Amino acid sequence: MSLKIAVMPGDGIGIEIVAEAVKVLNHYKDSGRLDIELEEAPVGGAGYDAAGKPLPDETLALARASDSILFGAIGGPQYDGLARELRPERGLLALRSELELFANLRPAILYPQLAEASSLKPEVVSGLDIMIVRELTGGIYFGEPRGIKTDDSGERIGFNTLVYKESEIDRISRVAFDIAMKRGKRLCSVDKANVLEVSELWREVVTKNSAEYPDVELSHMYVDNAAMQLVKWPKQFDVMVTKNMFGDILSDAAAMLTGSIGMLPSASLDANSKGMYEPIHGSAPDIAGKGVANPLATILSVAMMLRYSLDRADLADEIDAAVGKVLDTGLRTADIMAAGCKEVGTVEMGEAVLAQL
Ligand code: IPM
Ligand code: MG
């Protein structure tokens, strides 16, 4: 039976970049090397436009029925005025939460060809290969109570709740230890245990689990220091594991070490390795529709899908290699453009990867 892949381009540049990634999937389908069925559904602002909410029922049903989801990006200025529960971001958050995609893997890898694109010195970033494991369905993003209320004196108060159950810390830390075992066997758990009780519990549970992974060297770091160390000497890190919001922030910082957020894929996995795959970057309304967005993060997200959910590391390796070769030829989208290279648009970049495949 063929595998079902839900395709959710979303908004803004999501539409253009997902189109290129779909070409890669179809390339394998058409050549008979991958038995897949693709089905597209609207999400985010597109979901609101189509069905009045950012995660239409049919889109959620498709997500549940699929083996994997390829996701583009969501959001745009035209949706900024909507009520909070109708905003595009809510569609993404609801998908993560409804499907229990608690483990978010965000690799920050520097392609040697792009060392010049980083704002840091080449010797600081060359060879960089970090995996950030971000908890994705808990913490302050989802904690209750939340809201904006008016107190007795008439002043408005905004509030959110940072909460983690032991079981949530347990499962995300195990994912991180397992990944560390397959990599450099070093895990840094990032928290704020000097201030937050949640972090105290986080540290305790992670430390307890480390007994089951004697080969992994575990360290702990406060999040403010981790942000500093990422910029100072990022190569000290192998795998990092952290809460939802810390991971959101640190993964953007780590992404930029590699020169462009336009290069980085991500995977969001449930307990059975069913996953949603998406570029780390957003919908970039400022360049949407112009055909200049970098499709490589989305194409590399397809590679992650093949590796982590579809058990096709062979094809994933091919895609990773093809992207490297395209960079070798000197083709660059605007975000990674450098002297002596040739600037190309979204479609040209996608076609170049296909040509290598
Ligand atoms: C991300 C994004 C999302 C998040 C937004 C779009 C809700 O920044 O995936 O990192 O905060 O998780
Ligand atoms: Mg983010």
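Note that ligands are numbered from 1 as they come in the structure, with each ligand's atoms numbered from 1 the same way. For this chain, numbers begin at 1 and follow the sequence in order. What you see is a predicted model; the values in this text were computed from it and never measured.
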| request: Could you tell me whether Arg96 approaches ligand 1 through its side chain, its backbone, both or neither, with non-hydrogen atoms closer than 4.0 Å? | output: side chain

| request: Considering just N/O/S atoms, say which atom of Asp248 is closest to the Mg ion (ligand 2). | output: OD1

| task | Classify the contact between His281 and ligand 1 as side chain, backbone, both or neither, using a heavy-atom distance cut-off of under 4.0 Å. | result | neither

| said: Return the closest protein heavy atom for atom 1 (C) of ligand 1 as residue, atom name and distance. | reply: Arg106 NH2, 3.3 Å

| message | Just to check, does Arg134 reach to within less than 4.0 Å of ligand 1 when the distance is taken from its heavy atoms? | response | yes

| task | For atom 11 (O) of ligand 1, grab the closest protein heavy atom and report residue, atom and distance to one decimal in Å. | result | Tyr141 OH, 2.5 Å

| Does the pair Asp224/Lys192 count as a salt bridge with the N-to-O cut at 4.0 Å? | yes

| task | Specify side chain, backbone, both or neither for Arg87, according to which of its non-hydrogen atoms lie closer than 4.0 Å to ligand 1. | result | neither

| Nearest candidate to atom 2 (C) of ligand 1, where distance is taken over non-hydrogen atoms, out of Asp248, Ile74, Leu136 | Asp248

| field | Non-hydrogen side-chain atoms of Arg64 and Leu99 separated by less than 4.5 Å | value | yes

| task | Please report the C-alpha distance between Asp11 and Tyr79 in whole Å, then the side-chain angles of each, then the deciding distance to 0.1 Å, and finally whether the side-chain hydrogen bond (donor to acceptor under 3.5 Å, both in side chains) criterion is met. | result | CA-CA 10 Å; Asp11 309 318; Tyr79 307 109; 4.5 Å; no

| said: Under a 3.5 Å threshold, yes or no: a donor from one side chain and an acceptor from the other, between His220 and Thr207? | reply: yes

| query | Is Lys182 salt-bridged to Asp178, cutoff N-O under 4.0 Å? | reply | no

| query | Will you find, in the side chains of Lys243 and Ser199, an N or O donor that is under 3.5 Å from an N or O acceptor? | reply | yes

